[in-house]
Amino acid sequence: MRLITYVWLAIVVAIPSIVHAGQVYGTIVMDGKGIGGANVEISCGSDPAVKGTTAADGAYRVNVPQQGQCTLVLPSQAGKPSTTVFSSPNPALYNFELVKAGNGYELKRR
């Protein structure tokens, strides 16, 4: 009976690391102020995009299913600005500034 308990405990502990291989977090600001309520999508490889929303201060935190190169997009902003981010076993910090560029916006790393 004890062996079964330990096996189940190991499975329960391992599931979150299987479901979410990495985490990308940071802030998105414009003119020095956080952009609250902005939609954030991160896609890694062929997996569907994982969606999140920024807090009132522009902070975001998204758990992604894969490690490696990913694309962060702000789909609700003009021009759908995007940039490359990398996911790893440890949380990856990416702070961005949203700047006007032509008919839309672009993300610049801070």
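Excluded from the calculations below are hydrogen atoms, water molecules and symmetry mates; all remaining heavy atoms, backbone and side chain alike, are included.
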**Study point:** Verify same cluster id: L72, M30 (apolar side-chain graph, 4.5 Å)
**Key:** yes
Study note, to complete from the structure: Output for pair (Y105 OH, I28 CD1), nearest 0.5 Å, gives 13.5 Å
**Study point:** Heavy-atom check, side chain of V50 versus side chain of N63, under 4.5 Å
**Key:** no
Review point. What's the shortest heavy-atom distance between A59 and T27, and which atoms?
Key: CA-CG2, 4.0 Å
Check your understanding: Between V64 and C44, what is the shortest heavy-atom contact and its length?
Key -> CB-SG, 3.9 Å
Practice item. Determine, step by step, whether L107 and L98 satisfy the side chain to side chain contact (heavy atoms under 4.5 Å, CB included) criterion, reporting the C-alpha distance in whole Å, the side-chain angles of both residues, the deciding distance to 0.1 Å, and the verdict. Key: CA-CA 5 Å; L107 289 166; L98 190 63; 3.8 Å; yes
Check your understanding: Which atom pair, heavy atoms only, marks the closest approach of S76 to N39?
Key -> OG-ND2, 2.7 Å
Review point. Say you draw a straight line from CG of N95 to OH of Y60; how long is it, rounded to the nearest 0.5 Å?
Key: 7.0 Å
Check your understanding: Do I35 and L93 share a hydrophobic cluster (ILVMFWY, side-chain heavy atoms under 4.5 Å, transitive)?
Key -> no
**Study point:** Distance in Å, E106 CD paired with E97 CD, rounded so as to fall on 0.5 Å steps
**Key:** 11.0 Å
Exercise for review: Please examine the side chains of T83 and R109, heavy atoms only from C-beta on, and report whether any two atoms are closer than 4.5 Å.
Suggested key: no
Check your understanding: Going from NZ on K80 to CG on L74, what distance comes out if it is rounded to the nearest 0.5 angstrom?
Key -> 11.5 Å
Review point. Which atom names give the shortest non-hydrogen contact between D47 and P65, and what distance separates them?
Key: OD2-CG, 3.4 Å
Review point. Is it the case that K108 places NZ or CZ above or below the six-membered ring of F96, under 6.0 angstrom from the centre and within 45 degrees of the axis?
Key: no
Review point. Does atom NZ of K100 have more than 12 heavy-atom neighbours, drawn from other residues, nucleotides or ligands, at distances under 6.0 Å?
Key: yes
Practice item. Work out which heavy atom in P91 is nearest to a heavy atom in Y25; give both atom names and the distance. Key: CB-CE2, 3.7 Å
Review point. Any idea which heavy atoms bring C70 and S87 closest together, and the distance?
Key: SG-CB, 4.0 Å
Practice item. Mark yes or no for whether Y94, through its side chain, and T84, through its backbone, hold a donor-acceptor pair below 3.5 Å. Key: no
Review point. Looking at CD1 of I42 and OG1 of T71, how far apart are the two atoms once the value is rounded to the nearest 0.5 Å?
Key: 9.5 Å
Check your understanding: Out of curiosity, N90 CG to Q23 CD, how far, rounded to the nearest 0.5 Å?
Key -> 10.5 Å
